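Not measured: the values here are computed from a predicted model. Labels below follow one simple rule: chain letters A, B, ... track the order of the sequence lines, proteins then strands, and each chain is numbered from 1.
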Amino acid sequence: MNQDKLETFTLDGQPIPFSAGQTIIQAAMAAGVYIPHLCFHPEFKPHGSCKLCTVKVNGRQTASCTYFAQANLVVESNITELNDERRALLQMLFVEGNHFCPSCEKSGDCQLQATAYELKMMSPHFDHFFPDRPVDATHPDYLLDFNRCILCSLCVRASRDVDGKAVFALSGRGINSHLIVNAESGNLVDTDFSSTDKAAHICPVGVILKKRVGFAVPIGQRRFDAQPISAQPLSKEDV
Amino acid sequence: MSELDKFAPSPLTPLPQVGEGNEVKKLKVATTSLAGCFGCHMSFLDIDERLLELVKLVEFDRSPLTDIKHCGPCDIGIIEGGLCNAENVHVLREFRANCKILIALGACAVNGGLPAQRNHLSLATILEEVYHAQHGLVDGFIPNDPELPLPLDRVHPIHEVVKVDYFIPGCPPSGDAIWKVLTDLLAGREPELGHGLIHYD
């Protein structure tokens, strides 16, 4: 295994050491190099769905969260071509949902917003869908605001794999994909969801929100107000 | 901003220093608020004493600052607010036709903002609720004076109707962000907002 440690690939020209079984994004994060991502989380199996972490490996595009690091790979990430495509993906996420940052209590702590700042997303570019997605406020302690869901499936994985509950699931296909709650009523109050669940603390955007603490930390003093997302180590990521 | 680069207007020629010899021709700037709250204009005033520096370089055409009612040929047009009625669309088109560079200022112009929160409701439902059904209304009627601009069925960000050259997001954008974009443009630079100046809330 020691020999594995010595092996490297290059990321934007910089040698990145890796150990056997590490994906490109894991090795990059361990070396302190930021690759934009939304559905990736170090504690969970990769989902490979948001495509923000797409890099070029030996000239071909692939998701860096699902691609195993190998010696001498030539990986490109922070290049105009990829950042333009990442920005377009973000713009599509913004217009598909209702991401009204001025009224969102996650603003400043939101990975989608911080990633869009990082990639200098100045406009939505596309036409907005303005979908109708009612909120679920049935649970006494938690609120679900589906308007902001980006289908990263982190709550699905956390509830199923860590909490052993399967409270959440993604339903439907393509543009009709949406987050659902595992109860006959469809309401969170009718599940065994609790505030101690991993799933209660994993949402990278403002869907799963604890009630009555929304503005305990004022806007302007939040995580990504201090530093851009690229300057923050991933270990601090689960709030 | 690189996706915009392909369509970016040619940068303005940097102005010579004011006060050297002959009077310099000032750039013309027009501003308006469509479906906005004038918060972005208030934020514009937050550039404070830098306004004095700015008016050495620009003169205002149509703007709440001048009360000029129609926009003539301008170098820069600044639009606050999205489009919620027919008049908004007319004003926006007047600006686009007259301004070399058009800037969307603030969340409502960029993505519809607060007014667009009505978009998942039908216009009829909203008018009924506001003028007929709401508690305390007696013999309410939906205003139909021909002077009133007709509401659109949905609120639209301005880029859905005209070509927009630059965007300054924020609710409102800070005075510093507005100053940065304007001074970049006046100096002939591509405007860029760094960490802390680009924000959506």
Kindly indicate whether the side chain of B/His199, heavy atoms from C-beta on, has any atom under 4.5 Å from the side chain of A/Gln113. no
Members of residues 126-140 of chain A whose heavy atoms come closer than 4.5 Å to chain B: A/Phe126, A/Asp127, A/His128, A/Phe129, A/Phe130, A/Pro131, A/Asp132
Does B/Asp145 have more than 12 heavy atoms from other residues, nucleotides or ligands lying within 6.0 Å of its CG? yes
Interatomic distance, A/Cys101 atom SG to B/Asn111 atom CG [nearest 0.5 angstrom]: 7.5 Å
Check each atom of A/Ala116 against the heavy atoms of chain B and say whether the ones under 4.5 Å are side chain, backbone, both or neither. both
Counting only non-hydrogen atoms closer than 4.5 Å, does B/Leu121 touch chain A with its backbone (N, CA, C, O), its side chain (CB onward), both, or neither? neither
Mind checking whether A/Met122 and B/Leu193 have side chains closer than 4.5 Å, heavy atoms only? yes
Can you name the side-chain contact (heavy atoms from CB on, under 4.5 Å) partners of A/Thr54, sequence neighbours left out? A/Lys51, A/Gln61, A/Leu82
Measure the shortest side-chain to side-chain distance between A/Cys104 and B/Asp201 over non-hydrogen atoms and say whether it is less than 4.5 angstrom. no
Below 4.5 Å, heavy atoms only, C-beta onward: do B/His159 and A/Pro124 meet side chain to side chain? yes
Would you say B/His132 has more than 12 foreign heavy atoms packed within less than 6.0 Å of its NE2? yes
Can you confirm whether more than 12 heavy atoms, excluding those of A/Arg173, are under 6.0 Å from its CZ atom? no
Carefully, step by step, assess A/Glu118 and B/His195 under the rule side-chain contact (heavy atoms from CB on, under 4.5 Å). CA-CA 8 Å; A/Glu118 182 70 32; B/His195 177 72; over 6 Å; no
Once you round to the nearest 0.5 Å, how far does NE2 of A/His125 lie from CD of B/Glu160? 11.5 Å
Residue part contacting chain A, namely of B/Ala116, when any heavy atom lies under 4.5 Å: both
Partners of B/Arg50 by salt bridge (charged side-chain N to carboxylate O under 4.0 Å, His left out), sequence neighbours excluded? B/Asp176
What is the distance from atom OG of A/Ser123 to atom CD1 of B/Ile168, rounded to the nearest 0.5 Å? 12.5 Å
What pairs with A/Lys56 under salt bridge (charged side-chain N to carboxylate O under 4.0 Å, His left out), at least two apart in sequence or on another chain? A/Glu81
Please tell me whether A/Phe100 and B/Tyr200 form a close aromatic pair, meaning their ring centres lie under 6.0 Å apart. no
